[in-house]
Amino acid sequence: MSTVHACPLSHQLIRISGVDKLAYLHGQITQDINKLSQTNFLWAGHCNAKGKLWSVAKLFAYQDSYYLVASAVEVAQSLTELKKYAVFSKVEIDTDSSKLIGLIGDDLTSTLSALNIQFNEQDNACNFNGGKALKLADNRILLMVNADFSLPDDVIVLENDALWHQHSILAGEPELNEAALGEYVPQMVNLQAIGGISFRKGCYTGQETVARMKYLGKNKRAMYIVSGHSDGELAEPELETQMGENWRRAGKLISQAYNQQSKTLFGLVVLPNDSEPSQLLRAKHAPTVELSILPLPYSLEDE
């Protein structure tokens, strides 16, 4: 029997409701909300006026509201920005205190059955008695649950979400730490590669920059997965790359996770998009920590 772990997630939720919720949110994010239903979730970016990301979120619908789930720093930033112009629309925007749980396991069949969670073949989201379930991959399910929810007895509950974060990084799912907020255009964190940008929808904040990156070939950077031996997460995110006998600035980690058992650091870093897989990186402020570039699980092409 496959071991199933449950991670209490540190991510947070923004809830958008009201009669103007579709029109309002549609004009704020990179995703076409008309593609959203009760049986799917979509990746979406929220940009400033210059096309730089405030957050990368998973967007889903539940009952009569839309939800955005992202890291705590991304939610705090996006919530502030989304509320700025909400006074001009019939829309309510606030955080939601529902609990978020990540399920991880090679075979989640029995656990999902016990929870009465059933995904149709082409769907990646579904409602169930306990709340909402999002399928990020066959081995990873994100749950938004109500106060009465309980897990099956055979599920191992972890103390934190380090394992979940590690899997997210290895899947190449963008997430921004505080230093990365407002620093990167969506294509620089591969948002187009996971279907998070609609180039056919109407106007939204930052659209001009995002479109220029696509149609004029202006983007010269991309997000890469890196890993290496370390004694913990890096306090400073700057990485260097080796050029002959010298080292020069390469980029900054925008997200990192640490596996205590294997003493391995996993991270996401934005580098020049012609970076070679064989390129060696190291932490600028901890030069004994060397990181290798891992293969991306998707193509860096537009939708």
Side-chain angles (χ1 to χ4, degrees), residues 6-17 21-22 25-26 28-47 53-63 65-79 81-82 93-104 108 117 119 122-128 130-145 161 164-177 180-181 184 186 189-198 204 223 254-255 257 268 297-298 303:
C7 305
L9 300 185
S10 58
H11 289 67
Q12 296 182 3
L13 289 157
I14 296 175
R15 180 173 177 262
I16 304 100
S17 59
K21 64 181 183 294
L22 191 155
L25 192 58
H26 193 75
Q28 298 294 318
I29 62 175
T30 61
Q31 186 57 259
D32 183 353
I33 300 186
N34 293 299
K35 296 179 180 179
L36 188 65
S37 73
Q38 291 286 336
T39 59
N40 71 340
F41 84 86
L42 302 168
W43 288 96
H46 179 212
C47 301
L53 284 165
W54 288 137
S55 67
V56 175
K58 291 170 278 289
L59 166 69
F60 64 93
Y62 181 62
Q63 296 178 347
S65 299
Y66 295 142
Y67 290 82
L68 296 167
V69 56
S71 68
V73 294
E74 290 173 288
V75 163
Q77 184 67 57
S78 275
L79 184 65
E81 301 300 325
L82 286 171
I93 302 173
D94 215 330
T95 54
D96 185 279
S97 59
S98 297
K99 189 175 181 180
L100 295 170
I101 298 172
L103 296 178
I104 302 176
L108 296 173
I117 296 175
F119 294 98
Q122 301 300 320
D123 298 338
N124 62 11
C126 70
N127 299 327
F128 70 108
K132 190 81 180 190
L134 310 182
K135 182 192 287 188
L136 279 79
D138 287 340
N139 67 337
R140 286 189 301 133
I141 306 293
L142 189 155
L143 304 179
M144 180 184 76
V145 299
D161 60 356
W164 179 268
H165 201 182
Q166 175 185 322
H167 279 263
S168 298
I169 287 173
L170 290 172
E173 297 170 359
E175 183 174 311
L176 307 178
N177 56 27
L181 300 180
Y184 302 102
V189 300
N190 308 352
L191 192 58
Q192 82 287 355
I194 58 174
I197 306 174
S198 171
Y204 60 88
M223 186 183 72
I254 64 171
S255 181
L268 298 173
Y298 47 67
E303 62 173 5

Asker: Using 0.5 Å steps for rounding, measure from the OH atom of Tyr204 to the CD1 atom of Ile29.
Answerer: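 It is 10.0 Å, given to the nearest 0.5 Å.
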Asker: Mind checking side chain to side chain donor-acceptor pair (under 3.5 Å) for Ser37 and listing every partner two or more places apart, or none if nothing turns up?
Answerer: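 Residues passing side chain to side chain donor-acceptor pair (under 3.5 Å) with Ser37: Thr39, Asn40.
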Asker: With Ile33 as reference, evaluate Leu42, Ile16, Leu22 under the side chain to side chain contact (heavy atoms under 4.5 Å, CB included) test and give the passing residue.
Answerer: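 Option passing the side chain to side chain contact (heavy atoms under 4.5 Å, CB included) with Ile33: Leu22.
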Asker: What are the two closest heavy atoms between Ala61 and Tyr66, and how far apart are they?
Answerer: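 Of all heavy-atom pairs spanning Ala61 and Tyr66, the closest is CB-CD2, 4.1 Å.
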Asker: Which atom pairs, one a donor and one an acceptor, fall under 3.5 Å between side chains of residues 136-143 and the rest of the protein, sequence neighbours left out?
Answerer:
{"from": "Arg140", "atom 1": "NH1", "to": "Ser168", "atom 2": "OG", "distance (Å)": "3.3"}
{"from": "Arg140", "atom 1": "NH1", "to": "Glu173", "atom 2": "OE1", "distance (Å)": "3.4"}
{"from": "Arg140", "atom 1": "NH2", "to": "Glu173", "atom 2": "OE2", "distance (Å)": "2.5"}

Asker: What residues form a salt bridge (Lys or Arg N to Asp or Glu O under 4.0 Å) with Asp94, not counting sequence neighbours?
Answerer: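 If we apply the salt bridge (Lys or Arg N to Asp or Glu O under 4.0 Å) test to Asp94, skipping adjacent residues, the hits are Lys83.
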Asker: Could I get the full list of ring pair (Phe, Tyr, Trp, His ring centres under 6.0 Å) partners for Phe119, not counting sequence neighbours?
Answerer: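 Ring pair (Phe, Tyr, Trp, His ring centres under 6.0 Å) list for Phe119, sorted by chain: empty.
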Asker: Among all residues two or more places apart in sequence or in another chain, which pass the ring pair (Phe, Tyr, Trp, His ring centres under 6.0 Å) test with Phe60?
Answerer: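 Tyr67.
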Asker: So, Gln63 versus Lys132: side-chain donor-acceptor pair below 3.5 Å or not?
Answerer: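 No, because no side-chain N or O of Gln63 sits under 3.5 Å from a partner of the opposite role on Lys132.
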Asker: So, taking the atom named CG in Leu9 and the one named CE in Met144, what distance separates them when rounded to the nearest 0.5 Å?
Answerer: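 Result: 13.0 Å between the selected atoms.
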Asker: Please give me the minimum heavy-atom distance between Pro186 and Ile197, naming the atom from each residue.
Answerer: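 Of all heavy-atom pairs spanning Pro186 and Ile197, the closest is CB-CD1, 3.7 Å.
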Asker: For the residue pair His165 / Ser10, report whether a side-chain donor-acceptor contact shorter than 3.5 Å exists.
Answerer: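 No.
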Asker: How about Glu175 and Ile254: do any of their side-chain heavy atoms sit closer than 4.5 Å?
Answerer: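 When only atoms from C-beta onward are counted, Ile254 and Glu175 do not touch, as no gap falls below 4.5 Å.
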Asker: Got Ile14 and Ile93 here, is their nearest side-chain heavy-atom distance under 4.5 Å?
Answerer: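 Yes; the side chains approach each other to less than 4.5 Å.
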Asker: Looking at every heavy atom in both Arg15 and Ser17, which two are closest together, and how far apart are they?
Answerer: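 Looking at all heavy atoms of both residues, the closest pair is NH1-OG, 3.9 Å.
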Asker: Tell me if a side-chain donor or acceptor on Gln31 pairs with a main-chain N or O of His46 at a distance below 3.5 Å.
Answerer: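 Not at all, since once roles are kept as given, no pair shorter than 3.5 Å links the two residues.
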Asker: First locate atom CD1 of Ile117, then atom CG of Leu103, and finally report the distance between them rounded to the nearest 0.5 Å.
Answerer: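 Rounded to the nearest 0.5 Å, the CD1-CG separation comes to 6.5 Å.
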Asker: Just by modelled atom types, is the Cys7 backbone N or O under 3.5 Å from a matching donor or acceptor in the Asp161 side chain?
Answerer: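 No, Asp161 side chain to Cys7 backbone: no donor-acceptor pair under 3.5 Å.
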Asker: Are the side chains of Lys58 and Trp43 in contact, using a 4.5 Å heavy-atom criterion?
Answerer: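 Yes, close enough: below the 4.5 Å cut-off.
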Asker: Hey, what do you get for CD (Gln12) to OG (Ser78), rounding to the nearest 0.5 Å?
Answerer: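 The distance works out to 12.0 Å.
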Asker: Could you tell me which non-hydrogen atom of Ile101 sits nearest to which non-hydrogen atom of Ala6, and how far apart they are?
Answerer: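 Smallest interatomic distance, heavy atoms only, reads CG2-CB, 4.0 Å.
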Asker: Within a strict 4.5 Å, meaning less than it, do heavy atoms of the Leu268 and Pro174 side chains meet?
Answerer: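 The answer is no; the side chains never approach within 4.5 Å.
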Asker: Using side chain to side chain contact (heavy atoms under 4.5 Å, CB included), reason through Leu53 and Glu74 one step at a time and then give a plain yes or no.
Answerer: CA-CA 9 Å; Leu53 284 165; Glu74 290 173 288; over 6 Å; no
Asker: Are any side-chain N or O atoms of Thr30 and backbone N or O atoms of Gly196, one a donor and one an acceptor, separated by less than 3.5 Å?
Answerer: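 Yes; judged by distance alone, with no hydrogens or angles, the pair exists.
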Asker: For residues Val75 and Thr95, report the shortest heavy-atom separation together with the two atoms involved.
Answerer: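 Closest approach of Val75 to Thr95: CG1-CG2, 4.3 Å.
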Asker: Once you round to the nearest 0.5 Å, how far does CG of Leu36 lie from CG of Leu59?
Answerer: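 So the CG of Leu36 and the CG of Leu59 are separated by 4.5 Å.
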Asker: I need the Tyr62 OH to Cys126 SG distance, nearest 0.5 Å.
Answerer: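 It comes to 11.0 Å.
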Asker: Taking the side chain as everything from C-beta on, heavy atoms only, tell me whether Ser55 gets closer than 4.5 Å to Leu68.
Answerer: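 No, too far: nothing below the 4.5 Å cut-off.
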Asker: With sequence neighbours excluded, tell me which residues meet salt bridge (Lys or Arg N to Asp or Glu O under 4.0 Å) with Glu81.
Answerer: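 With sequence neighbours excluded, Glu81 shows a salt bridge (Lys or Arg N to Asp or Glu O under 4.0 Å) to Lys84, given in chain and number order.
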